[in-house]
Colleague: 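Sending over a structure as structure tokens; questions will come in a sec.
Just so you know, these numbers use all the heavy atoms, side chains as well, and skip hydrogens, waters and symmetry mates.
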Amino acid sequence: MQEFSVKQSNLDFRTREAYKMLRTNIEFSGDNNKVIFITSSTPSEGKSTVSFELAMSFAQNGMKTLLIDADTRKSVMKNRGKKGKIKYGLTHYLSGKNELKDVICVSDVPNFCMIFAGPVPPNPSELVGNDRFAKMVEEARATFDMIIIDTPPIGSVIDAAVISKVCDGGILVIGAGDISYKFARKSKEQLEMTGCKLLGCVLNKVDMTGNSYYGKYYGKYYGKYYGKYYGHEDNN
């Protein structure tokens, strides 16, 4: 297997708590929700960041976790690696050039592994829709406790809908202020048409400053219940 070092994220306390809450909600959504895909309506809503941080949260909670970068058209996951040369990725496996053991990358974070996207293929939708993708997921189920799949935006291409067929559930990431309500609803309807189970939505890129709506709404809550713990953590 390939190896790499993870470039750690500097998340503030509220953001870390939000990912823990998301992880907990998924855990309580059912024992059978082991393979989860993440998508959005458009690019730049933060789905890849949510996929990565959610997978890290599962790994830090003691679950053997695999993050699959299935956004082969425009991957940003390669920036998550700090050290280590990644030769083989998802497209190498799907095209039949390598086996699963060759493309899995073991990280320096306990319980956390990744499959990077690999080179951009000429036929992304056909690749993720072939039998090898389904075979890969089934093999991974036997080894990992949780599998997170980062997919392209559902509002742009069909890949997420194709991938959803081999998943137990999905999450739609919505960037606050990035898209309209109608566009978000259309994306939700597109996913439901495939018959996939949509576990919920993540409202991302929320302005939590005191002057914003969410800052005013949640500011007191976090100050009252988390302020003391947050200050203690800063002092360490």
Side-chain angles (χ1 to χ4, degrees), residues 17-43 45-72 75 77 90 94 100 111-115 117 124-125 127-175 179 183-204:
E17 287 301 304
Y19 281 115
K20 288 179 183 178
M21 186 178 295
L22 177 59
R23 180 195 74 210
T24 302
N25 287 341
I26 292 173
E27 289 174 338
F28 278 98
S29 67
D31 294 337
N32 296 326
N33 295 326
K34 186 174 181 177
V35 182
I36 308 296
F37 73 92
I38 313 287
T39 191
S40 60
S41 298
T42 63
E45 291 187 78
K47 65 170 181 61
S48 294
T49 298
V50 171
S51 299
F52 180 83
E53 297 298 346
L54 178 60
M56 286 287 287
S57 184
F58 275 112
Q60 289 164 357
N61 199 40
M63 300 180 71
K64 192 172 182 183
T65 306
L66 175 65
L67 173 59
I68 301 175
D69 181 7
D71 192 352
T72 58
S75 172
M77 287 293 185
L90 179 63
L94 294 180
L100 183 58
N111 303 313
F112 181 67
C113 296
M114 275 189 71
I115 296 179
S125 297
L127 271 185
V128 297
N130 71 23
D131 292 338
R132 284 183 70 83
F133 193 94
K135 178 186 174 185
M136 173 189 68
V137 171
E138 286 307 308
E139 282 188 44
R141 280 181 186 272
T143 305
F144 294 91
D145 301 316
M146 181 60 64
I147 302 164
I148 305 295
I149 306 177
D150 180 31
T151 68
I154 187 66
S156 303
V157 291
I158 198 173
D159 299 31
V162 174
I163 291 171
S164 71
K165 295 177 182 178
V166 297
C167 298
D168 302 322
I171 293 173
L172 179 64
V173 175
I174 300 174
I179 62 170
F183 198 178
R185 185 174 64 182
K186 183 180 178 182
S187 298
K188 174 178 175 289
E189 291 170 351
Q190 280 182 283
L191 291 171
E192 289 175 339
M193 286 174 62
T194 67
C196 82
K197 180 168 65 174
L198 190 61
L199 300 180
C201 298
V202 171
L203 185 61
N204 195 35

Colleague: Is Lys34 reaching over with its side chain to a backbone N or O of Asp145, donor-acceptor style, under 3.5 angstrom?
Modeller: no
Colleague: Near Lys186 NZ, under 6.0 Å, is it more than 12 heavy atoms from other residues, nucleotides or ligands?
Modeller: no
Colleague: Do Ile147 and Ile36 have side chains that approach each other closer than 4.5 Å (heavy atoms only, starting at C-beta)?
Modeller: no
Colleague: Does the Glu45 side chain pair with the main chain of Ser41, one donor and one acceptor, at a distance under 3.5 Å?
Modeller: yes
Colleague: Any chance you could lay out the side-chain contact (heavy atoms from CB on, under 4.5 Å) test for Leu67 and Ser51, step after step, and finish with the verdict?
Modeller: CA-CA 8 Å; Leu67 173 59; Ser51 299; 4.1 Å; yes
Colleague: How about Val166 and Phe133: do any of their side-chain heavy atoms sit closer than 4.5 Å?
Modeller: yes
Colleague: Which heavy-atom pair separates Asn204 from Gly46 by the least distance, and what is that distance?
Modeller: ND2-CA, 3.4 Å
Colleague: Aromatic contact between Phe144 and Phe58, with the criterion being ring centroids under 6.0 Å apart: yes or no?
Modeller: no
Colleague: Side chains of Val128 and Leu94, heavy atoms from C-beta outward: is any pair under 4.5 Å?
Modeller: yes
Colleague: Atom OG1 in Thr39, atom CG in Asp71: separation rounded to 0.5 Å?
Modeller: 8.5 Å
Colleague: Could you tell me the separation between the CD atom of Glu138 and the CG atom of Leu100, rounded to the nearest 0.5 Å?
Modeller: 12.0 Å
Colleague: Could you tell me if the side chain of Pro153 sits less than 4.5 Å from the side chain of Ser40, heavy atoms only?
Modeller: yes
Colleague: List the atom of Tyr19, the atom of Ser57, and the distance in Å for their closest heavy-atom pair.
Modeller: O-OG, 3.9 Å
Colleague: Distance-only, no hydrogens or angles: does the Thr143 side chain make a donor-acceptor pair with backbone N or O of Ala140 under 3.5 Å?
Modeller: no
Colleague: Give me the atom names and distance for the closest heavy-atom approach of Leu199 to Gly169.
Modeller: CG-CA, 4.1 Å
Colleague: Where do Ile26 and Ile171 come nearest, in terms of heavy atoms and distance?
Modeller: CD1-CD1, 3.6 Å
Colleague: Which distance, rounded to the nearest 0.5 Å, do you find between the CZ of Arg185 and the CD of Glu192?
Modeller: 11.5 Å
Colleague: Which heavy atom of Met63 sits nearest a heavy atom of Asn111, and at what distance?
Modeller: O-CB, 3.3 Å
Colleague: Check step by step if side-chain contact (heavy atoms from CB on, under 4.5 Å) holds for Arg141 and Val35.
Modeller: CA-CA 8 Å; Arg141 280 181 186 272; Val35 182; 3.5 Å; yes
Colleague: Indicate yes or no: at least one non-hydrogen side-chain atom of Asp150 is less than 4.5 angstrom from one of Met77.
Modeller: yes
Colleague: Could you check Ile148, Ile149, Asn33 and say which one makes a side chain to side chain contact (heavy atoms under 4.5 Å, CB included) with Cys167?
Modeller: Ile149
Colleague: Could you go through Glu27 and Asn61, starting from their C-alpha distance and side-chain angles, then the distance that decides it, and tell me whether this counts as side-chain contact (heavy atoms from CB on, under 4.5 Å)?
Modeller: CA-CA 11 Å; Glu27 289 174 338; Asn61 199 40; 3.4 Å; yes
Colleague: Given 3.5 Å as the limit, does a donor-acceptor pair link the side chain of Thr194 with the main chain of Gln190, or not?
Modeller: no
Colleague: Any salt bridge between Glu17 and Lys20, counting N to O under 4.0 Å?
Modeller: yes
Colleague: Got Leu90 and Thr72 here, is their nearest side-chain heavy-atom distance under 4.5 Å?
Modeller: yes
Colleague: At what distance, to the nearest 0.5 angstrom, does CZ of Phe37 lie from OG1 of Thr151?
Modeller: 6.5 Å
Colleague: Can you tell me how far apart OG (Ser125) and CD1 (Ile158) are? Round to the nearest 0.5 Å.
Modeller: 6.5 Å
Colleague: Is the backbone N or O of Met136 less than 3.5 Å from a side-chain atom of Glu139, with the two atoms forming a donor-acceptor pair by type?
Modeller: no
Colleague: Any side-chain heavy atom of Val202 sitting closer than 4.5 Å to one from Leu172?
Modeller: no
Colleague: Got a second to check how far Lys64's NZ is from Phe112's CZ, nearest 0.5 Å?
Modeller: 13.5 Å
Colleague: Quick check: do Val50 and Leu22 have side-chain heavy atoms less than 4.5 Å from each other?
Modeller: yes
Colleague: How far apart are the closest heavy atoms of Arg132 and Asn130, and which atoms are they?
Modeller: N-OD1, 3.0 Å
Colleague: List the steps, then state whether side-chain contact (heavy atoms from CB on, under 4.5 Å) holds for Met146 with Leu66.
Modeller: CA-CA 6 Å; Met146 181 60 64; Leu66 175 65; over 6 Å; no
